[in-house]
Amino acid sequence: MHRPARVRFAPSPTGPLHVGGARTALYNFLYARATGGTFILRIDDTDEARSTDESLQNILDGMRWLGLDWDEGPTRPGETAHDTGYGPYFQSLKYERYREVVQELWDRGHAYPCFATAEEVEAGRERMAKEVGVPMYDRRYRGLARAEAEARIAGGEAHVWRFATPLEPRDGKLTIDDRIKGRVDFQLDQIDDWVMLRNDGTPLYNLCSSVDDVDMAITDVIRGEEHFINAVKQLLLFRALEVEAPSFAHLPLILGKDGKKLSKRVAQTNLLDYRDQGYPPEAIVNFLTLLGWSFDGERELFSLQEAIAAFSVDKLGRSGSVFDEEKMTWMCGMYVRATPVADLVDRAAPFLEAAGLMDRAAIAASRDYVDNLVACHRERFDRYGQVPDKLGFFFARDDALDFEEKALKNLRKSPEAATWLAAFAALLDEVAIPPSWPERPALADSLSLPENEAPRRELGTGFAYTKPSEIEARTRALAEQLGIGFGNLVAPLRAALTGAAGGAGLFDIVYLLGCERCKLRIEAASALLTHS
RNA sequence: GUCCCCAUCGUCUAGCCAGGCCCAGGACGCCAGGUUUUCAUCCUGAAAACAGGGGUUCAAAUCCCCUUGGGGACGCCA
């Protein structure tokens with residue numbers, strides 16, 4: 001901790017960014033920012049068969065969506081690469097370097113070529129499983145004389161390169177001082193002579209990761225617990241190379257509802273799916289931060305900046321955490337409800353467009369109207385993606401509204417409903433409800449709804465529309481006149497206007513729907529009543 | 001099978017390292033009320049946990065041991 005921290009998130013582009021990976025990235029990011037260190041994004045793309053550009057793009061997009069900006073790493077489109085002296089940040093770009101290291105290791109007696117066939121390896125594995133309990137390579141080529149090995153290589157014989165795990169002393173062990181798990185001992189005879197270079201000469205994870213951690217001067221490795229055993233192999237490699245090892249912190253796994261490592265079987269694990277469904281990224285970050293860490297034991301909601309200020313590795317938990325989608329939904333709702341209406345509309349716009357309800361131009365053209373529409377539904381959204389669904393009834397044809405069952409029931413509750421609806425329709429002519437589209441004047445919507453929010457704009461002197469609260473007052477009076485309870489009138493009215501049994505304030509809806517559309521919907525509902 | 005890790009309400013967790021302030025605090029969810037034209041929001045309240053057993057100690061959720069339970073790793077994947 002004398003030198004500034006350099007940490008990395010090193011995903012392999014073999015699939016979309018997983019929420020578990022996102023949390024690992026997040027903790028690395030928090031640590032770097034909290035300590036004034038450097039956050040590095042490195043692409044571990046040595047599995048060429050499974051690496052794809054699509055996955056790489058997905059990872060980059062996911063990182064940016066969460067706001068986890070890296071200080072060093074692959075350049076983004078439109079960005080010019082600058083030489084940090086630590087790159088390249090794609091492992092596939094430095095195979096020569098890895099091979100050199102293996103050569104060096106061989107010279108020092110820490111690596112050797114292995115000519116075993118797949119069958120031989122398998123046979124050895126079975127034997128070792130019986131003898132040691134671990135199905136590992138039986139080191140049969142470890143003792144091969146260098147001259148013979150070189151001759152066989154020269155002869156073109158297929159071979160991989162293995163790391164020579166120290167076998168002396170017999171009961172030797174290695175202690176990992178993990179920042180989360182504490183001091184953990186491993187028996188060296190349990191450790192495989194793992195493969196560093198495939199038979200086609202391409203390097204493998206433990207080699208590349210260690211070499212890069214050295215080359216990039218990584219100070220702290222913070223990664224998932226599934227890598228714990230790799231820390232042993234890597235530590236041994238650092239030792240063989242006679243270089244200083246970084247410190248390790250292995251994070252407990254994120255679990256699914258079934259208590260096992262989170263998988264797409266039990267949850268949505270592709271981070272960008274959450275973006276595509278309109279979840280607020282700030283909420284996802286907040287939620288992920290809390291999976292294995294706590295702000296102060298009391299606070300649940302905090303910004304990334306606040307998390308940075310409060311972050312410390314020793315507050316990281318030791319046990320796995322179940323990914324609770326219900327709590328995440330709640331948190332997203334909290335963020336959405338705290339979003340200013342204008343921002344909410346901006347964020348919901350792509351979803352409105354995708355749903356075919358309004359394109360960007362249409363939203364821009366009647367921005368005040370859309371703001372109001374969204375504002376009066378605000379506490380009913382958990383995510384931006386729900387906006388089109390909740391607002392759908394507004395865009396429906398007035399004579400072809402979808403009625404939910406409960407709404408139909410409300411409509412048919414009283415045989416007099418049609419009369420009441422007609423009375424309300426008549427009331428509409430007595431008050432000044434703004435006209436519906438396309439006649440609707442922009443002025444009508446410069447009033448910000450709901451009314452407890454101050455109007456964003458001074459209303460002109462010509463503003464003569466009846467405010468929702470006044471419409472409500474008149475409707476209450478009407479109910480009294482009809483000799484019925486307010487609720488008796490409102491329920492069928494809501495059903496007629498929205499097709500639903502619940503929803504936003506009814507008189508905000510009346511105001512926004514406008515006079516003509518209200519009447520059309522009442523007519524349609526009345527027709528439905530008389531025909532059934 | 002072998003090795004490793006973990007263990008507080010259903011779930012996320014605070015407390016544990018530096019035992020007494022804890023008949024265990026917060027949050028989600030659940031349940032019950034309240035507010036509302038409805039739904040949602042919001043407010044109030046309730047139920048809900050130290051896995052079990054041994055120690056150590058005046059005192060243990062906190063320290064030690066065992067058991068049980070859960071998880072992870074054992075690839076020419078990362």
Side-chain angles (χ1 to χ4, degrees), chain A residues 10-15 21 44-47 49-51 114 118 121 125 128-130 132-137 158-162 176 178 180-182 184-187 190-192 194-200 202-206 208-209 223-230 232 250 252-253 255 257 259-261 287 290-301 314-315 317-331 333 337 377-382 390 406-407 410 472 475-476 479 485-491 493-495 498 500-507:
Chain A
S12 75
T14 52
D44 285 12
D45 56 350
T46 52
D47 187 348
R50 288 193 292 160
S51 292
C114 165
V121 170
R125 210 169 252 148
M128 295 297 273
K130 252 177 250 160
V132 198
V134 184
M136 61 183 181
Y137 171 63
H159 61 284
V160 299
W161 284 86
R162 291 182 179 272
I176 296 181
D178 189 90
I180 293 172
K181 301 191 173 302
V184 181
D185 289 340
F186 279 92
Q187 287 297 129
Q190 296 272 327
I191 306 302
D192 205 350
W194 48 281
V195 177
M196 306 164 104
L197 255 34
R198 295 183 179 93
N199 63 194
D200 65 359
T202 57
L204 259 1
Y205 173 73
N206 280 116
C208 303
S209 184
R223 88 240 283 196
E225 193 174 35
E226 69 269 28
H227 284 296
F228 201 42
I229 191 67
N230 291 328
V232 180
H250 288 91
L253 270 15
L255 278 16
K257 281 225 170 287
K260 299 189 194 312
K261 192 160 108 172
F287 179 74
L290 247 11
L291 241 39
W293 185 79
S294 86
F295 189 86
D296 61 2
E298 302 276 297
R299 254 182 92 182
E300 304 282 334
L301 268 16
D314 24 80
K315 277 174 29 189
R318 275 163 251 285
S319 51
S321 347
V322 174
F323 185 78
D324 182 356
E325 289 177 274
E326 273 181 346
K327 184 160 185 174
M328 195 178 77
T329 298
W330 163 78
M331 195 169 276
R337 289 188 285 276
H377 286 84
R378 189 170 30 177
E379 52 288 319
R380 269 155 282 253
F381 303 126
D382 290 323
K390 301 273 189 215
K406 237 179 130 186
N410 286 343
E472 178 180 344
T475 309
R476 280 183 191 277
F486 186 49
N488 292 197
L489 176 54
V490 156
L493 185 55
R494 174 182 291 283
T498 70
L506 185 56
F507 302 98

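In the text below, chain A, chain B and the rest are named by the order of the sequence lines, each starting its count at 1.
Side-chain contact between Thr475(A) and Leu489(A) is present, with heavy atoms from C-beta onward closer than 4.5 Å. In this structure, the side chains of Phe323(A) and Lys257(A) stay at 4.5 Å or more apart for every pair of heavy atoms. No side-chain heavy atom of Val134(A) sits less than 4.5 Å from a side-chain heavy atom of Met128(A). A 4.5 Å side-chain heavy-atom check between His227(A) and Tyr205(A) finds at least one atom pair inside the cut-off. Between Leu301(A) and Met331(A), some side-chain heavy-atom pair lies under the 4.5 Å cut-off. Using a 4.5 Å heavy-atom threshold, the side chains of Met328(A) and Trp330(A) count as separate.
Here G75(B) presents its C1' atom at 13 Å from CH2 of Trp194(A), a figure rounded to the nearest Å. Rounding to whole angstrom units, CD1 of residue Ile229(A) and P of C3(B) are separated by 12 Å. At whole-Å resolution of the value, NE2 in His250(A) and P in C3(B) are 20 Å apart. Atom CZ of Arg299(A) and atom C1' of U13(B) are 16 Å apart (whole Å). A7(B) atom P lies 15 Å from atom CG of Leu253(A), rounded to whole Å. Distance CG (Asp45(A)) to P (C77(B)): 14 Å, rounded to an integer number of Å. Atom-to-atom, CE of Met136(A) to P of C76(B) comes out at 13 Å; the value is rounded to the nearest Å. Atoms CG (Asp296(A)) and P (U13(B)) sit 15 Å apart, rounded to a whole Å.
Nucleic acid contact for Arg125(A): sugar-phosphate only, since backbone atoms but no base atoms lie under 4.0 Å from a heavy atom of the residue. Among the heavy atoms of the strands lying under 4.0 Å from Asn230(A) is at least one base atom, whether or not backbone atoms are also near. Using a 4.0 Å heavy-atom criterion, one finds that Glu300(A) contacts the bases of the nucleic acid, with or without backbone contacts as well. As judged by a 4.0 angstrom heavy-atom cut-off over every strand, Asn199(A) is placed among the base-contacting residues. Residue Thr46(A) is classed as a sugar-phosphate contact, given heavy-atom separations below 4.0 Å to backbone atoms only. Residue contacts for Val322(A): at a heavy-atom cut-off of 4.0 Å it reaches the sugar-phosphate backbone alone, with no base atom in range. At a threshold of 4.0 angstrom between heavy atoms, the contacts of Lys260(A) are confined to the sugar-phosphate backbone, with no base atom among them. In this structure, Lys261(A) reaches the sugar-phosphate backbone alone: every heavy-atom distance under 4.0 Å involves primed, P, OP1 or OP2 atoms, never a base. Residue Tyr205(A) is in base contact, counting any heavy-atom pair closer than 4.0 Å across all strands shown. Among the atoms of the strands shown, base atoms are found under 4.0 Å from some heavy atom of His227(A).
When the P atom is compared between U62(B) and C23(B), the two are found 14 Å apart, to the nearest whole Å. Atom name C1', nucleotides A49(B) and G25(B): the rounded distance is 12 Å, in whole Å. Comparing the P positions of U44(B) and A27(B) gives a spacing of 10 Å, expressed to the nearest Å. With both ends at atom C1', the span from G15(B) to C21(B) equals 12 Å, rounded to whole Å. As rounded to the nearest Å, U13(B) and C22(B) have C1' atoms that lie 16 Å from one another. On the P atoms, C28(B) is 13 Å away from G45(B), given to the nearest whole Å. Look at the P atom in both C76(B) and G71(B): the space between them is 26 Å, to the nearest Å. Comparing the C1' positions of A18(B) and C63(B) gives a spacing of 12 Å, expressed to the nearest Å.
Annotation: of the two residues near RNA chain B, Val184(A) and Asp324(A), the 5′-most nearest-nucleotide partner is Val184(A). With the nearest nucleotide of RNA chain B identified for both Gly259(A) and Asn206(A), Gly259(A) has the one nearer the 5' end.
A cation-pi contact, defined as under 6.0 Å to the ring centre and within 45° of the axis, links Arg162(A) to Tyr137(A).
Set against C77(B), C76(B), U13(B), the side chain of Arg162(A) has C76(B) as its closest nucleotide. The listed nucleotides are C5(B), C76(B), U2(B); the one nearest the side chain of Arg198(A) is C76(B). Side-chain proximity of Arg318(A) to U2(B), C6(B), C12(B): nearest is C6(B). The side chain of Glu226(A) lies closest to G72(B), out of G72(B), C12(B), C76(B). For Phe186(A), whose side chain is taken as the heavy atoms from C-beta onward, the closest listed nucleotide among C4(B), G26(B), A78(B) is C4(B). The side chain of Ser319(A) lies closest to A7(B), out of A7(B), G26(B), G75(B). Taking the side chain of Val195(A) as heavy atoms from C-beta on, and the options A78(B), C76(B), G10(B), the nearest nucleotide is C76(B). Side-chain proximity of Leu204(A) to G72(B), G25(B), C77(B): nearest is C77(B).
The partner of G1(B) is C74(B), judged by Watson-Crick or G-U wobble contacts that both fall below 3.5 Å. Summarising the base pairing, A18(B) is matched to no nucleotide, lacking a Watson-Crick or G-U wobble pair whose two defining distances lie under 3.5 Å. Nucleotide C39(B) forms a pair with no other nucleotide shown, judged by Watson-Crick or G-U wobble geometry with both contacts under 3.5 Å.
Other residues, nucleotides and ligands contribute more than 12 heavy atoms inside 6.0 Å of the CZ atom of Arg125(A). Counted within 6.0 Å of NZ on Lys315(A), heavy atoms from surrounding residues, nucleotides or ligands total more than 12; the atom is thus considered enclosed.
Partners of Val232(A) according to the side-chain contact (heavy atoms from CB on, under 4.5 Å) rule, which considers only residues two or more places apart in sequence or in another chain, are Leu174(A), Ile176(A), Phe186(A), Ile191(A), Ile229(A), Leu236(A).
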Quiz item: Reading nucleotides 31-46 of chain B from the 5' end, what letters show protein touch, with B for base, S for backbone sugar-phosphate only, - for no heavy atom under 4.0 Å?
Solution: ------BBBBSS----

Quiz item: Passes side-chain hydrogen bond (donor to acceptor under 3.5 Å, both in side chains), Arg198(A) versus Thr202(A)? Steps please.
Solution: CA-CA 5 Å; Arg198(A) 295 183 179 93; Thr202(A) 57; 2.9 Å; yes

